[in-house]
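Structure, as structure tokens:
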Number of protein chains: 2
Amino acid sequence: MPVTIKDIAKAAGVSHTTVSRALRGHSAISAETTARIRKLAQEMGYTPSAVAQSLLAQRTRTIGLVITTTADPFTVQVVGGVEYVAQTAGYSVFLSSSHNDPDREIAVVETFHRRRVDAIIVTSSRLGSLYKSRLDKIQVPIVLINNQEEGEYLYSVAVDDVQGAQLGVQHLIELGHRRIGYVGLTNRPKSNRRRRQGYETAMKNAGLPLDPSLIFSPIPDHDIFERGHETLEQILQRNVTAVFCYNDLTAIGLSLACRDRGIAVPERLSIVGFDDIDAAMYVTPPLTTVHQPRFELGQLAMEMVLDLLNGQEVQDKTVACHLEVRGSTAPPAH
Amino acid sequence: MPVTIKDIAKAAGVSHTTVSRALRGHSAISAETTARIRKLAQEMGYTPSAVAQSLLAQRTRTIGLVITTTADPFTVQVVGGVEYVAQTAGYSVFLSSSHNDPDREIAVVETFHRRRVDAIIVTSSRLGSLYKSRLDKIQVPIVLINNQEEGEYLYSVAVDDVQGAQLGVQHLIELGHRRIGYVGLTNRPKSNRRRRQGYETAMKNAGLPLDPSLIFSPIPDHDIFERGHETLEQILQRNVTAVFCYNDLTAIGLSLACRDRGIAVPERLSIVGFDDIDAAMYVTPPLTTVHQPRFELGQLAMEMVLDLLNGQEVQDKTVACHLEVRGSTAPPAH
DNA sequence: CCCCGTAATGCACACGTGTGCATAACATCA
DNA sequence: TGATGTTATGCACACGTGTGCATTACGGGG
């Protein structure tokens, strides 16, 4: 139904070849013919079919972006970064969510492959290690952002969890805290292990003892309010003055639980989060947290994709975090 | 480079026609041939090319989704709703952002048309009225979600701003407030007018006077903290006991300004927002707000698209809001 | 033995675009 | 005038898939 170059050719009394060349500015076509055809195309409302071009060029200028879910506040800005770079480079982005389900993650990748995307970007992948083997079958470069799985994979961009966590814990130590807890999360095994490692490194560097009883692991199924209360219960028994949390949602849940129980933050308990989601700024007290450059992560991933498609060598990248000091941390009361 | 049906045909010693039929389960192909070819396709890692199929079928099973920006907390869940329904129906979604720039909105729609998407969904469009005329050129149905522009357009899904605002103001009236302010926003003209209309209707229904000096319009360029302080200044001069705000960000800005100035919320000033963004739950006090069913809006829009593509008649839809009563509202102090 | 019906498969084209090569018209030069 | 070069255009094919129609083989019935 849309106008094709054949329609224009018929209207202009030339072959479709000439139309194609005129529109692309081929030098062999006379200036007047080119002008006439372009004007005609304009009038008839011609838009070239990217589908046909893709088929011929064996390249779609399209990438697939797999996210966990739009409900995850982390994801959103990453999408923004990817889309921004993609749009600038003339690429279009397919978006689809895996809902944290490995089967759906495979299905989504499969769909993208059917669509013949030039590359795939996956956030928080649960099966990063699988791609290496699958990649022989599908000839599509896959870049992983904050891959959650150990093992072999090809390309990845990730935030420096260790450095970020270290930053947060150092801040607490500098404030004078000595008994500092770590509140983890079990359903993000890789980054949890790294952030905990950053916590431990900071403690060791400061000459503080590592007490395993100060590592807390709330049940991931419960919502953040329940988890906050459960964790707070344990924390109070351990007599810590500050905690570093795996992420902001965990930290906020804990902070709200403190409010319920009448525990003053930061006077009685200092809390540091990780991620710097929007809500971190709005809660009371505003949350001190490790800022994760989400937009930049997305940008870097897409830039890596462009490099790959240009045939350049690429290396895995990690990007540093910085600390946002707000109101949830203070020196310990004595 | 990927495996095609011709490759399979060569390997099986048949024509590509037979392969195509075998894979699609055509009855004319013998059972054993079908089995043999399917097994071969499996082994060779064949994935049909959606590009080639699209070209032939003149249909891509693809839709384009235009959002303002991923930084807008409203947008995200809408994307989730659209994507959920699309994925279930076997459609893929192109995502692109307009950054609230009409020129880019046009460019994005143009790109989608080049990609031959079957339909386009636009959130918070700035040029809804333009589509009607452009639609003659591009033969693609466009569904607008919460269109921000007056004028003619074809299909739309929108939240019932009037009903939602009425709900929020009624709540304040029922609590006993009589001098109630409205804090608007000028860069969303259509929905702002409607929400204000809901405010006025609720006031009239309760027999309360409409005082134009209780309508506040902060400068949209400033960030929410500045706007909060500026608005609060005016509010305090007017002696109101409660305000209904155009959206949650405005309400939160105001609430934070109150905290700075030592104005107790809700004891001295009750605040109602609109949208129910994530942060509304986390702020202190938690914000009473009109919940906007964002995910559902996305779902409805995509379902409307599916109806359109099935050749069914569709009608514009509005969807009702409900009130989330939290901690930022209370009876007026006397 | 011939005709016809049925089963299984292939040929050729279509979808919209781009490109190598051939073709045609015309100018230039020896 | 004939050979060569230049300019402008068209033919035919390719990309991967699906389908109408033709073709082939075979079996059964008269």
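Numbered from 1 within each chain, the chains take letters A, B, ... in sequence-line order. Worth knowing before you read on, the calculation uses all heavy atoms, side chains too, and leaves out hydrogens, waters and symmetry mates.
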A:Q312 atom CD, over 12 foreign heavy atoms within 6.0 Å: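 Enclosed.
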Is the number of heavy atoms from other residues, nucleotides or ligands within 6.0 Å of CD (A:Q315) greater than 12?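 Open: at most 12 neighbouring heavy atoms sit under 6.0 Å from CD of A:Q315.
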So, does A:T33 get its side chain near the phosphate of D:dA8, meaning an N or O under 4.0 Å from OP1 or OP2?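 No, outside the criterion.
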For the atom pair OG1 (A:T318) and CG (A:D160), what is the distance rounded to the nearest 0.5 Å? 4.5 Å
If a protein heavy atom is under 4.0 Å from the base, mark B; if only from the sugar-phosphate, S; if neither, -; do that for nucleotides 10-17 of chain C going 5' to 3'. BBB-BBBB
Looking just at side-chain N and O atoms, do B:R115 and A:S92 make a donor-acceptor pair shorter than 3.5 Å?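 Yes, a side-chain donor-acceptor pair sits under 3.5 Å.
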Side chains of B:S96 and A:E83: any donor to acceptor distance under 3.5 Å?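 Yes, B:S96 and A:E83 have a side-chain donor paired with an acceptor closer than 3.5 Å.
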Using the six-membered ring wherever Trp is involved, compare the ring planes of A:Y84 and A:F295 and label them parallel, tilted or perpendicular (cut-offs 30° and 60°). tilted
Taking the basic N atoms (NZ, or NE/NH1/NH2) and the acidic carboxylate oxygens, is any pair closer than 4.0 Å for B:R188 and B:D72? yes
Could B:E43 and B:K39 be called an ion pair, given the rule that one side-chain N must be under 4.0 Å from one carboxylate O? yes
Atom pair distance, as rounded to whole Å: NE2 in A:H26 and P in D:dT9: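 Roughly 12 Å, once rounded to whole Å.
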List, with names and distances, any nitrogen or oxygen atoms from the protein found under 3.5 Å away from nitrogen or oxygen atoms belonging to nucleotides 25-27 of chain D.
none

